[in-house]
Amino acid sequence: MTKYDKILIFIVLIASISGIVAVNSAALNYNNLYAEILINNELYKKYTLGYGVDETIVVESEYGRNVIRVDNDHVYMQESDCPDQICVQMSKISEPGEIIVCLPNRLIIMVTGESGSIDTITR
Amino acid sequence: MNRNRKYIFLALLTSGALILSLIEGMIPFPFVAPGAKLGLPNMITLVVIVLFGFKSGMTVAILRTILFLLVAGNVAGFLYSLSGAVLSTIIMAIAYRYFSGLFSLIGISLFGAMAHNTAQVMTAALVVQNIRILSYLPIMYLVSLFTGCFVGYATIFIVNNLQKQFQIMKWS
């Protein structure tokens, strides 16, 4: 094994590891997360999470009034006029599949995601 | 070495490469990357390039893939293995001819393994019409580092022994 072999191995090692890191971070970007607000099982609004979103959404429907905060990568219920206040006490959600429900106001907030996975065929 | 001897040697090496690719298919590869292989037939290609030159190397590589198609009956994999074999042979021949002063056979076999992976993934991207498959390349490169070093080491031993053999054949 010559000196140049070692240099080549080193370069390839660095390049492949940085490539893997770059691909992984790019795959996270593909993996968009959305916060969906449903009222009475109908989509009311949809927000893309991440990218520094900072919004307060006031939802006034025939069932009641809710104030929802979307803070960058997580969502939570700030205020609600429902009697039990369970939705306000629920923790912040940020992962796909997590859900906040305000049953008296028939309001559901859920986080959904697109998977950016890749299928490969090699042999 | 006269022509007949050369052809016999090439035929023997081709059948050896065919058997190696069959054995390789039986070895489960214990790494994270699915589809990664040891690249044992590359060993033979490199040996032929070193001992007989680029033309013979290309012949052996293409013959090996066609024979493997006939033996294993894996039509879907034929395009991938053919493109990989052709590109890696070209790259290894160039590397051996112009950079053999810089790199030992280990470095050259590394080039070959990387070219093999590149060609296969490119072919896959063309077949599936999805450029995102290229994101598989860095992982394959990382795996090919190990397999390429292994194949290079093995090739050094084979080449040494075969060269001794040729010396004996010259004297006899």
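Within every chain, numbering begins at 1; the chains are lettered A, B, ... in the order of the sequence lines, protein sequences first and strands thereafter.
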Does [X] have more than 12 heavy atoms from other residues, nucleotides or ligands lying within 6.0 Å of its [atom1]?
X	atom1	result
Tyr153(B)	OH	no
Phe150(B)	CZ	no
Met122(B)	CE	no

**Sidechain-backbone polar pair: Asp5(A) side chain, Gly107(B) backbone, donor-acceptor under 3.5 Å** =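 Answer holds: yes.
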Return the [atom1] to [atom2] distance between [X] and [Y], rounded to the nearest 0.5 Å.
X	Y	atom1	atom2	answer
Ile11(A)	Leu145(B)	CD1	CG	11.0 Å
Ile20(A)	Leu142(B)	CD1	CG	5.0 Å
Lys6(A)	Ser104(B)	NZ	OG	9.5 Å
Ile17(A)	Ile139(B)	CD1	CD1	12.0 Å

Treating Ile, Leu, Val, Met, Phe, Trp and Tyr as nodes and any side-chain heavy-atom pair under 4.5 angstrom as an edge, say whether [X] and [Y] lie in one connected cluster.
X	Y	result
Ile23(B)	Ile158(B)	yes
Phe99(B)	Tyr4(A)	yes
Val60(B)	Phe52(B)	yes
Val71(B)	Leu12(B)	no

**Message:** Measuring only between side-chain heavy atoms, which start at C-beta, is Leu13(A) closer than 4.5 Å to Tyr141(B)?
**Reply:**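 Heavy-atom side-chain distance check fails, nothing below 4.5 Å.
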**Item:** Closest-packed option against chain A by number of heavy-atom pairs under 4.5 Å, given Leu137(B), Leu110(B), Ile156(B), Leu105(B)
**Value:**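 Highest number of pairs under 4.5 Å: Leu110(B).
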**Nearest heavy atoms of Cys149(B) and Ile9(A), plus distance in Å** =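 So the two residues come closest at SG-CD1, 3.7 Å.
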**Item:** Minimum-distance pair of heavy atoms, taken over all atoms of Phe103(B) and Thr2(A)
**Value:**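 For Phe103(B) versus Thr2(A), the nearest heavy atoms are CA-OG1, 3.9 Å.
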